[in-house]
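Structure, as structure tokens:
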Amino acid sequence: MSDLGALPVQAYLTACLLAGGIGLWLGRVAWRERDEPGGIEVALYLLCGGGVSLLYALRVAATGEVAMTVALNLATPLMGALPVLWILFAFAFTGHDRWRTENRIVALATPAFVWVLLAWSSGTHGLARRSVIPVVDGPFTLLGYGLGPVGGAFVLLAYGLCVAGVLLVVDLYERTGNRYRLQTFVVLLGTLFPFLAGIATFVDVGSYAHLSWLPTAFVIHGVFLYGTVFWLGTLDAAVVARDTAVEVMQDPVIVSGSDGRIRDLNPAAEAILPPDAVGSSLSEAFPRLEGGDEHPIAIGDRQFDIQENPITDPRGTDRGHVFLLRDVTARERRQTALERREAELERQNERLEEFAGVVSHDLRNPLAAASAAVELARQRGEDPDGALERAANAHERMDDMIEGLLALATAGETVDDLDRVSLDATVRRVWSRLETADATLTVEGDATALADRDRLEQLVSNLFRNAIDHAGEDVAVTVTVSADGDGVALAVGDDGPGIPPEERERVTERGVSLGGGTGLGLAIVGDIVEAHGWTLSVAESDAGGARFVIEGMEAADS
């Protein structure tokens with residue numbers, strides 16, 4: 001038994017008992033909060049470290065070899081579990097939770113299990129421990145022993161696992177941002193204690209060569225791990241999200257933990273949030289972000305769309321959220337400008353319709369009176385120089401222009417309601433309404449298409465009038481209707497003089513006429529085609545005349 005009255009023994013016993021109590025208490029607290037990444041490992045590490053420390057105090061204070069041996073054997077499985085728990089914690093802490101498979105855990109635990117069994121039975125073979133006897137070391141009476149081959153191998157394995165865990169944490173230290181380097185630094189700092197204690201124990205540093213400093217060092221290491229995970233806020237959100245929330249991203253990125261507090265910001269997010277945003281509640285620092293009711297949200301003179309992604313670990317546990325704020329200021333400005341432009345166009349269309357109404361009602365009445373006066377003058381007297389005839393022609397041309405302007409005012413309006421229209425019936429109905437004189441019509445094929453009935457009739461009527469005006473009253477008009485799957489094409493051709501190739505691109509422009517017309521008829525055709533989303537092309541007919549082909553018409557379901 002050690003000299004319990006000696007100050008060194010009292011001091012060491014006090015340290016071991018205090019460390020053991022702290023380890024067991026913190027381990028119990030950590031176990032209740034074990035949902036944090038690495039929380040289970042930290043809880044078990046503290047419990048094992050606390051148990052080892054208390055059992056070592058028992059070995060120091062024991063009065064006989066049997067009690068010392070019992071305490072040693074009870075502490076053996078706890079010692080064997082500590083390096084395994086450390087490497088498993090390193091996996092969880094550094095974001096390599098996928099490595100913690102059952103097979104790997106069994107593979108890591110098997111050497112420790114074998115060592116424990118051999119250590120318990122070392123009295124028969126000495127593979128793990130040799131010469132287990134009490135040794136007097138100053139005021140201490142300790143149970144000393146040498147390492148067998150299996151014991152030495154396990155010590156090397158334990159240190160190898162410790163080094164591997166340190167390397168994982170160092171790699172994480174290099175990968176994470178400056179804000180979270182504090183946590184990794186604290187973990188690395190705590191790991192120094194078991195390393196230094198092991199060196200001090202095995203190299204016989206100090207006055208008492210057989211005294212082990214490892215029990216209290218394990219508890220101190222566990223306290224550092226506990227502080228990192230449960231006090232500083234471990235990298236539960238940042239480790240998983242760091243690859244997404246890259247420091248160089250131009251868009252703001254905000255990472256919140258499972259407790260709703262902001263854990264990380266990239267520089268772009270720091271520029272738009274308060275300086276003390278990290279660690280504060282997301283609902284307090286940025287209530288519009290958490291609510292997500294407003295899209296996009298305005299921050300100062302900029303606007304952002306919000307993309308929210310949950311952070312979960314391999315077990316599916318909620319670890320927080322990543323908010324990506326995409327700057328859509330330019331897009332919203334373009335949209336506002338577009339809406340303003342559309343509103344202006346709508347006002348212009350309204351003014352155009354008002355103008356068309358004025359033309360229809362206010363100009364036609366005086367035009368009709370002038371035409372009647374000219375006709376009355378022609379009936380009462382002679383017109384030797386043809387002045388009255390020219391006036392009548394001018395009035396007729398003005399009437400055509402008024403009618404064309406009225407049609408042009410509505411031809412390009414967006415088509416909202418579509419009718420099921422038989423193209424053969426539409427063509428023949430329009431033809432029957434025109435003064436066609438000796439002109440002839442041939443219709444080849446038929447199909448039912450979706451179109452605005454009135455504007456389609458206006459289109460066909462203008463094409464027929466164009467053929468009669470430019471090819472003569474005896475023109476032969478051929479209409480061809482063809483269907484290909486869901487598409488329908490309509491072609492109107494004549495046997496007139498045709499349209500020169502260099503003029504075919506501009507004949508549908510407003511004011512362009514190749515035969516002295518108003519230049520509005522084909523422009524109206526182009527607007528109606530565009531309003532429906534169809535395409536119009538001008539070619540030469542089989543008879544050498546003009547041929548207008550309208551494609552892209554949608555076939556109606558039969």
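Quantities reported herein were computed from a predicted structural model and do not represent experimental measurements.
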- Answer yes or no: does atom CZ of Arg331 have more than 12 heavy-atom neighbours from other residues, nucleotides or ligands under 6.0 Å? yes
- Within 6.0 angstrom of Tyr159 OH, more than 12 heavy atoms from elsewhere: yes
Could you tell me whether a side-chain N or O of [X] sits under 3.5 Å from a main-chain N or O of [Y], the two making a donor and an acceptor?
X      : Y      : value
Asp484 : Gly487 : no
Asp327 : Phe304 : no
Arg34  : Trp31  : yes
Thr191 : Val187 : yes
Glu332 : Gln303 : no
Ser2   : Thr141 : yes
Asp3   : Gly5   : yes
Trp534 : Val529 : no

Do the side chains of [Y] and [X] get nearer than 4.5 Å, heavy atoms only?
X      : Y      : result
Gln307 : Phe323 : no
Val135 : Leu143 : no
His125 : Leu118 : yes
Val255 : Ile262 : no

Which atom pair, heavy atoms only, marks the closest approach of [X] to [Y]?
X      : Y      : answer
Pro77  : Val116 : CA-CG2, 3.7 Å
Ala451 : Val421 : O-CG2, 3.9 Å
Trp120 : Asn73  : NE1-O, 2.9 Å
Val150 : Trp115 : O-CD1, 4.1 Å
Asp452 : His532 : N-NE2, 3.0 Å
Leu46  : Gly222 : CD2-C, 3.4 Å

Is the distance between the ring centroids of [X] and [Y] under 6.0 Å?
X      : Y      : value
Phe193 : Phe218 : no
Tyr45  : Tyr226 : no
Tyr56  : Trp213 : no

- Task: Not counting sequence neighbours, which residues clear ring pair (Phe, Tyr, Trp, His ring centres under 6.0 Å) with Phe91? List them please.
- Result: Trp99
[atom1] of [X] to [atom2] of [Y]: how many Å apart, nearest 0.5 Å?
X      : Y      : atom1 : atom2 : answer
Ile133 : Thr69  : CD1   : OG1   : 11.0 Å
Leu211 : Leu214 : CG    : CG    : 10.5 Å
Leu55  : Cys16  : CG    : SG    : 10.5 Å
Asp419 : Thr448 : CG    : OG1   : 12.0 Å
Ser53  : Leu17  : OG    : CG    : 7.5 Å
Leu54  : Leu74  : CG    : CG    : 12.0 Å

- Message: Any carboxylate oxygen within less than 4.0 angstrom of a Lys/Arg side-chain nitrogen, looking at Arg59 and Glu65?
- Response: no
- Task: Give the intermediate values and the outcome of salt bridge (Lys or Arg N to Asp or Glu O under 4.0 Å) for residues Glu339 and Arg334.
- Result: CA-CA 9 Å; Glu339 292 175 354; Arg334 290 194 299 270; over 6 Å; no
- Output all residues satisfying salt bridge (Lys or Arg N to Asp or Glu O under 4.0 Å) with Arg326, sequence neighbours left out; order by chain, then residue number. Asp251
- Determine whether the side chains of Thr76 and Arg129 contain a donor N or O and an acceptor N or O closer than 3.5 Å. yes
- Item | No-hydrogen, no-angle side-chain donor-acceptor test under 3.5 Å, Asn103 and Thr101 | no
